[in-house]
Amino acid sequence: MKIGYPCINQSLLCRSSRTFRLASYSDERLILTLEENLRCLLEILRYNRNHGIFFFRISSDLVPFASHPICSVDWQDAFKERFSALGSFIRDNQMRISMHPDQFILLNAKDPDIIDRSVSELAYHAEVLDLLGLDLNAKVQLHVGGVYGDKKASIERFIDQYATLDESIIRRLVIENDDRRYTVKDCLFIHERTAIPIIFDSLHHQVNSEGEIVSEVFPDIAATWESHDGIPMVDYSSQEPESRAGKHAVAIDLPDFLAFTEDILPFDVDIMLEIKNKEKSALIAIAALENDDRLVRIR
DNA sequence: AATGGTCAAGTCAGC
DNA sequence: GCTGACTTGACCATT
């Protein structure tokens, strides 16, 4: 069981997600920014290793405008060695990596242009993981998409689009239940038709489900991960008190976290903490699990 | 140097 | 019809 956090390390001064405005695009600026982002990514990964954190989500902004038509830099080739060196560091330390394209990426859109842009963006994400030389347990997690007033038809569009994707994307892609539209049950239905693995999000399930008990539904979710996909990834957050339902907590609620791990035991999973204070909560969770004798129940 | 409006991309709920 | 929320900051024009 690895514990991780997404994209940003607040203890370090650098960010691996620096970007800039489209209006100020130049090839030179893209190269300088990517150089800086890769340097910082290594710094974050070193911090993680030194602190016993072995799960990390790489920011989608690592390569700004990578899938935008304005980008004509062959960054894949220019930074090949850098990606390869980063990948060696990740593999040598047996780290788990994920990426999470943001809300604009919609495989089930009705507008073919939106689908085209989405597929390009997914190809970019898969390419980053390929350039790092990571095996198939490094995943790109995506929400199912919009409902467009007809969920059934929108699920069918997702399934149809998924079938047209290149194998280089399919082997990396997993779907996640979201907080307003597609539930775990919807994801399981899509899995039956596509074999796509499901990444379970605890807070989204809390605010958007058909009442399934986590400990009862989790075995079905875990079974969507084949052995080459690695053990299941899950996203965990608790609800921030006195805020909108679904708002991610600022700091980890340790009793809630331990209750969640109880729900998913005895499955071994890697847990991404989607908590605003990032690595601080990861360190607390890791320390709490260190001497937890429940973990011997993991199979 | 500080400020605050605005930023590639989409959907949807709530006003 | 517009705004804010989403995993959320941070760029950058203007003063």
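To find a chain, count down the sequence lines: A is the first, B the second, and so on, and within it residues start at 1.
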Next item on the list: Determine the contact category for A:Tyr148: base if any of its heavy atoms lies under 4.0 Å from a base atom, sugar-phosphate if only primed atoms, P, OP1 or OP2 are that close, otherwise nothing.
Entry: sugar-phosphate
Margin query: Can you tell me if A:Lys276 touches the phosphate of C:dT8, counting only side-chain N or O atoms and a distance under 4.0 Å to OP1 or OP2?
Written below: yes
Note to self: Give me the distance, rounded to whole Å, that separates C:dT8 from C:dC12 when you measure between the P atoms they each carry.
What the structure shows: 23 Å
Note to self: If stacking means aromatic ring centre less than 5.5 angstrom from the base's six-membered ring centre, planes under 30°, is A:Phe104 stacked on B:dA9?
What the structure shows: yes
Check: Just checking A:Ser24: base, sugar-phosphate only, or nothing, at a heavy-atom cut-off of under 4.0 Å?
Finding: sugar-phosphate
Notebook entry, point to check: Do A:Arg57 and C:dT7 share a donor-acceptor pair, side chain to base, under 3.5 Å?
Noted result: no
Notebook entry, point to check: Heavy-atom contacts under 4.0 Å between residues 30-49 of chain A and DNA chain C, which residues?
Noted result: none
Next item on the list: Just say parallel, tilted or perpendicular for the rings of A:Tyr25 and A:Phe65, cut-offs at 30° and 60°.
Entry: perpendicular
Note to self: Among B:dA8, B:dA9, C:dA10, which nucleotide has an atom closest to any side-chain atom of A:Arg117?
What the structure shows: B:dA9
Note to self: Any donor-acceptor pair under 3.5 Å linking the side-chain atoms of A:His100 with those of A:Glu176?
What the structure shows: yes
Next item on the list: Assess the side chains of A:Tyr236 and A:Asp256: does a donor N or O sit below 3.5 Å from an acceptor N or O?
Entry: yes
Checklist line | C:dT3 to B:dG5 separation - P atoms, rounded to the nearest Å | finding: 13 Å
Note to self: What's the closest nucleotide to the side chain of A:Arg18 if the choices are C:dT8, C:dT7, C:dC11?
What the structure shows: C:dC11
Next item on the list: Return one dot-bracket line describing DNA chain B 5' to 3' (Watson-Crick or G-U wobble pairs, both distances under 3.5 Å; ( ) same strand, [ ] crossing, | another strand, . none).
Entry: |||||||..||||||
